[in-house]
Every structure is written in C-alpha cells, then in structure tokens.
Number of protein chains: 2
Amino acid sequence: MARGKAPTFELQRAAMLRAAAGLFAEKGFHNASMSAIAQACGVSKPLLYHYYRDKEHLLFDIADSYIDELLAIVASVEARKLGPEAHFSELVTRFMEEYEHAQDHHMVLVQDVKFLKEVQAESVAAKQRRVVAAFADALARVEPGLKGRKLDKAVTMILFGMINWTFTWLRADGPLTFHDMAPIVTGIFLNGVRGLMRGEGAGVAVSGAAADA
Amino acid sequence: MARGKAPTFELQRAAMLRAAAGLFAEKGFHNASMSAIAQACGVSKPLLYHYYRDKEHLLFDIADSYIDELLAIVASVEARKLGPEAHFSELVTRFMEEYEHAQDHHMVLVQDVKFLKEVQAESVAAKQRRVVAAFADALARVEPGLKGRKLDKAVTMILFGMINWTFTWLRADGPLTFHDMAPIVTGIFLNGVRGLMRGEGAGVAVSGAAADA
DNA sequence: CCTACCGATCGGTAGG
DNA sequence: CCTACCGATCGGTAGG
C-alpha cells in the first residue's frame with residue numbers, strides 16, 4: 001500500500017480521512033464541501049486533491065477501510081475458537097467496542113455509502129454481506145433451529161438493528177456507554193430468540209408468519 | 001388549515017409532498033433538486049414554490065405530517081384500553097404496518113431531519129420524544145422492573161432499533177413483509193427482556209453494567 | 001385583489 | 001503547494 005511513499009504520506013492521508021469522516025457524518029456527503037474538509041485538516045483544497053482523486057474517493061476509502069476493520073474483528077474472534085455462545089457474545093461485544101471509537105466512520109457507512117457509484121458500492125456491499133454472514137453463522141451455531149424456519153436472515157438483521165441503532169441515540173456524555181450495551185443486547189437477543197423458538201410469541205402466531213415467508 | 005383554499009389545493013400539496021419524500025429518501029435532501037421534485041409531480045418549479053416557501057418547508061412538512069401520523073396511531077391504540085401485553089404488541093404491529101406504506105417518509109425522518117434549522121428540528125424532536133415515551137410507558141406496564149434498573153431508556157431504544165432498522169434491509173419483493181416482522185420483533189423483544197430481568201444474561205454480568213449506569 | 005401558473009434568469013457556490 | 005479560476009448546477013425569484 002505505502003510502497004515507495006514517504007512515511008508522512010499515509011499519516012497525511014489518515015488525517016484527511018478522519019476530517020472527511022467527521023464532516024460527512026455531521027453534515028452528510030453532499031452538504032460537506034471539499035473546502036471544508038481541507039480547512040478542517042489545515043491544508044489547501046488542491047493538496048487534498050493530491051491525496052484523493054475526488055470526493056467519492058474519500059467516501060470510498062472511509063467505508064472500505066472501516067469495513068475491513070470490522071472484518072478483521074470477525075477474523076480475530078473466529079481465531080479464538082470459542083464455544084457457540086461465547087463466540088456470539090464476543091462478536092457483539094467487540095463490535096460495540098469498535099463502534100465506540102468509530103462513530104463517524106459508521107455513520108458514513110450507514111448514511112452515505114449509497115452515493116458511491118455502482119462498482120464501488122457493490123465492493124463495499126460485498127464486504128458488508130461477509131460481516132452479516134459471520135453473524136448469521138455465529139447465531140446458527142447458538143440456535144440451529146432458526147434456519148429451518150427461514151427466520152435466520154430476519155433475526156440476524158434484527159440483531160444488527162439493535163446494535164446499529166445505538167448511533168442515533170447513545171450520547172458520549174450519557175450514563176450508558178457502548179461497552180455497557182453489549183451484555184444488554186446479547187441478553188435480550190439470545191433470551192428472546194430462545195423464547196421465540198419455544199413458541200412464546202407473546203400470544204401471536206409467529207410460526208404462521210414464518211410459514212408464509 | 002384549508003380555510004378559503006380551493007379543494008384542489010390540498011391535493012396538489014399532497015402530491016408534491018409525496019414526490020419530495022420519494023426523492024429525498026432516494027437521493028438525500030441535498031442531492032435532490034427542487035427542479036427534480038417539480039418534474040416528478042409534473043409542475044413547474046415556480047408552481048412548486050407557490051405551494052412551499054422553500055426546500056426546507058417541504059422537508060419539515062414531510063417529517064411533521066409523518067410524525068403526527070405516528071402520534072395518531074399511539075392515541076388510537078391507547079384509546080382501545082388493552083391489557084399491558086396486548087397494548088404493547090398492538091403498538092409494534094400498528095407501527096410496522098404504518099412503516100410498510102410510509103417508507104419514504106420514514107427514511108426522510110431518519111436521515112434528513114438533521115438538515116432542519118434549530119426551531120423546526122426541535123419541534124420534530126419534541127414529537128419524536130412523545131412517541132418514544134409512549135413506547136417506554138407501554139413497556140413499563142409489561143415489565144415494571146426495568147425502570148428500577150435504569151434500563152428503560154436503553155431497552156426502549158433497542159426496540160426502536162429492531163423495528164426501524166428494517167428499512168435498511170427489508171425489500172418489498174422479498175419473502176418477508178413488514179407485517180410479518182411484528183410478531184417476530186415482539187416475540188424476541190418481550191421474551192428477551194424477561195430473560196434479561198431474570199438475570200439470564202448469557203453468562204454476562206448484565207446487572208453490573210446497569211449498576212454503572 | 002385573489003389564486004394559479006409560466007419562461008427566463010437571478011445571485012451564489014458546488015466540485016474540480 | 002498556492003492563488004486563481006472554470007463549467008455546471010444549485011435554490012430561489014424576477015417580470016408578465
């Protein structure tokens with residue numbers, strides 16, 4: 001990656017990426033100007049363009065590097081060869097910890113990736129599917145019955161909803177931290193899925209919905 | 001509201017609001033042009049400005065009318081005086097049904113409301129807090145113990161995560177519908193919260209995290 | 001004096 | 001690595 005480049009090159013790029021992620025997250029991709037990003041990291045606009053071909057290149061690098069980070073977490077958890085339940089809750093915990101210091105990157109991934117062009121968007125989407133698949137597999141090891149009822153995809157996405165939605169409401173200065181959220185999410189989710197599988201659907205015909213799917 | 005206005009006035013406005021919601025949802029507020037909105041509903045741009053003072057007025061009306069719709073659902077469910085569990089699951093079901101035909105409005109509310117100016121943003125946020133409070137109250141009636149453990153806020157937002165995240169992945173042409181999601185969400189959530197309260201935290205010290213909060 | 005409506009173009013700023 | 005710019009398109013409004 002940094003082949004033949006000055007050692008400061010990657011540092012400079014990283015600073016620009018951070019500034020861009022912060023502004024994209026706060027103002028949105030189309031409402032954040034390249035001048036503002038340049039200003040935020042104390043360089044001229046032409047210098048910013050020396051490091052990044054165009055605005056979309058910044059966006060792609062933010063999303064791509066962040067999802068690589070998430071895939072690295074998945075790989076490092078898998079390497080530990082934990083039991084099904086420990087593996088699953090470790091995944092959730094490590095993700096929540098990552099989220100804590102990657103809020104800008106995560107918000108960009110969620111809200112701005114749709115502005116990438118087809119090829120780049122698909123490249124990011126493919127990596128996202130690998131992350132989702134890792135969680136779905138971890139879940140299937142804990143609760144194998146879900147697949148037979150065709151609920152595995154929906155239930156995995158419900159889990160992502162629980163953890164990803166935290167970005168919309170959890171404040172850094174609040175009483176709860178991202179770290180605190182991990183056991184709460186894991187607890188509700190695993191107990192909930194077990195209850196669902198036992199058919200305790202709060203008086204609602206859950207199996208009917210699954211059969212329709 | 002429609003005092004002295006021609007009967008077509010409100011219809012014309014509604015058509016423009018729908019077109020704007022569709023484009024804001026698809027392209028984002030700052031990437032959707034007033035020209036494109038005008039074109040989408042077959043009127044000239046000046047005519048669009050005759051109905052809506054400016055672009056932000058459109059955004060506010062989309063968000064405000066939609067959240068009024070959600071508050072109306074809350075009121076209509078409360079009017080039925082159901083038991084705690086039926087009330088709660090009816091809330092979730094009615095919201096998921098509303099989401100099914102209000103995807104554009106919901107996406108705008110989630111992703112674009114931050115572009116409103118202070119006064120209008122606060123007006124929308126205040127109504128959103130009333131919706132959240134209604135769910136928190138409904139949950140407290142089902143599971144009173146949450147409040148004592150200061151988990152009520154976090155757990156309510158986890159529920160919103162479960163239902164609101166569906167917008168990012170649920171496809172209209174997929175096997176599952178928004179309607180199918182209601183009993184699955186309710187089942188996982190209520191069983192999960194009960195398990196959490198019984199202390200079945202998947203081997204994790206949940207109560208410890210709550211005590212820190 | 002109102003609502004409804006158009007062709008043309010304004011001042012200002014985006015990405016590059 | 002800067003100042004100085006461009007083609008285009010933005011949100012919003014003029015006259016009629």
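Just so we're on the same page: letters track the sequence lines, and every chain starts at 1.
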Checklist entry - So, B:Phe167 versus B:Phe178, ring centres under 6.0 angstrom or not? => result yes

Next on the checklist: Quick one about B:Ser65 and B:Asp68 (side-chain donor to acceptor, distance below 3.5 Å, no hydrogens or angles considered), yes or no?
Outcome noted: no

Item to check | Donor-acceptor under 3.5 Å (B:Arg13 side chain, B:Tyr51 main chain) | outcome: yes

Next on the checklist: Strictly below 4.0 Å, N to O, side chains only: are A:Glu122 and A:Arg129 in salt-bridge contact?
Outcome noted: yes

Checklist entry - C:dC6 P sits how many Å from B:Gln39 CD, rounded? => result 13 Å

Item to check | For atom CG of A:Leu48 and atom C1' of C:dG15, their distance in whole Å | outcome: 11 Å

Item to check | Closest approach of B:Phe24 to B:Val108 (non-hydrogen atoms, all atoms of both residues) | outcome: CB-CG2, 3.6 Å

Checklist entry - Taking all non-hydrogen atoms of both residues, which atom of B:Glu69 and which atom of B:Glu98 are closest, and how far apart? => result CG-OE2, 3.2 Å

Checklist entry - A:Phe95 versus A:Val92: any side-chain heavy-atom pair under 4.5 Å? => result no

Checklist entry - Under 4.5 Å between any side-chain heavy atoms of B:Met96 and B:His179, yes or no? => result no

Next on the checklist: Between D:dG16 and C:dT3, how many Å separate the two P atoms, rounded to a whole number?
Outcome noted: 22 Å

Item to check | Each stem that DNA chain D is part of, given as range with range (3 or more consecutive Watson-Crick or G-U pairs, under 3.5 Å) | outcome: none

Item to check | Value in whole Å for how far the C1' atom of D:dT9 lies from NE2 of B:His30 | outcome: 15 Å

Item to check | Verdict with reasoning, A:Asp104 to A:Arg18, per salt bridge (Lys or Arg N to Asp or Glu O under 4.0 Å) | outcome: CA-CA 8 Å; A:Asp104 289 344; A:Arg18 224 178 0 256; over 6 Å; no

Checklist entry - To the nearest angstrom, how far is B:Met34 atom CE from C:dC6 atom P? => result 15 Å

Item to check | A:Ala25 versus A:Met107, closest heavy-atom pair with distance | outcome: O-CE, 3.7 Å

Item to check | Atom-to-atom span, OH of A:Tyr49 to P of D:dC2 - whole angstrom | outcome: 15 Å

Checklist entry - Of the residues in residues 50-58 of chain B, which ones touch DNA chain D at a heavy-atom distance under 4.0 Å? => result B:Asp54, B:Lys55

Item to check | Distance, rounded to the nearest Å, where A:Leu59 contributes CG and C:dG15 contributes C1' | outcome: 14 Å

Checklist outcome for this item: Side-chain contact check for A:Pro46: nearest option of D:dT3, C:dC6, C:dG15 is D:dT3

Checklist outcome for this item: When rounded to whole Å, the NZ to C1' distance for the pair B:Lys45 and C:dT9 reads 10 Å

Checklist entry - Would you say a side-chain N or O of A:Ser44 is under 4.0 Å from OP1 or OP2 of D:dC1? => result no

Checklist entry - Checking all strands, does A:Ala38 fall into the base, sugar-phosphate, or nothing category for heavy-atom contacts under 4.0 angstrom? => result nothing

Item to check | Between C:dA8 and D:dG12 - C1' atom distance, rounded Å | outcome: 13 Å

Item to check | Exam field: side chain B:Glu90 to backbone B:Leu82, donor-acceptor pair closer than 3.5 Å | outcome: no

Identify all pairs in which a protein N or O lies below 3.5 Å from an N or O of nucleotides 11-13 of chain C, and state each distance.
none

Item to check | Candidate nucleotides C:dA8, C:dC5, D:dC2, ranked by approach to the side chain of B:Gln12 - the nearest | outcome: C:dC5

Checklist entry - Which heavy-atom pair separates A:Ala63 from A:Val124 by the least distance, and what is that distance? => result CB-CG2, 4.2 Å

Checklist entry - Out of D:dC2, C:dG16, C:dC6, which has the shortest distance to the side chain of A:Leu47? => result D:dC2

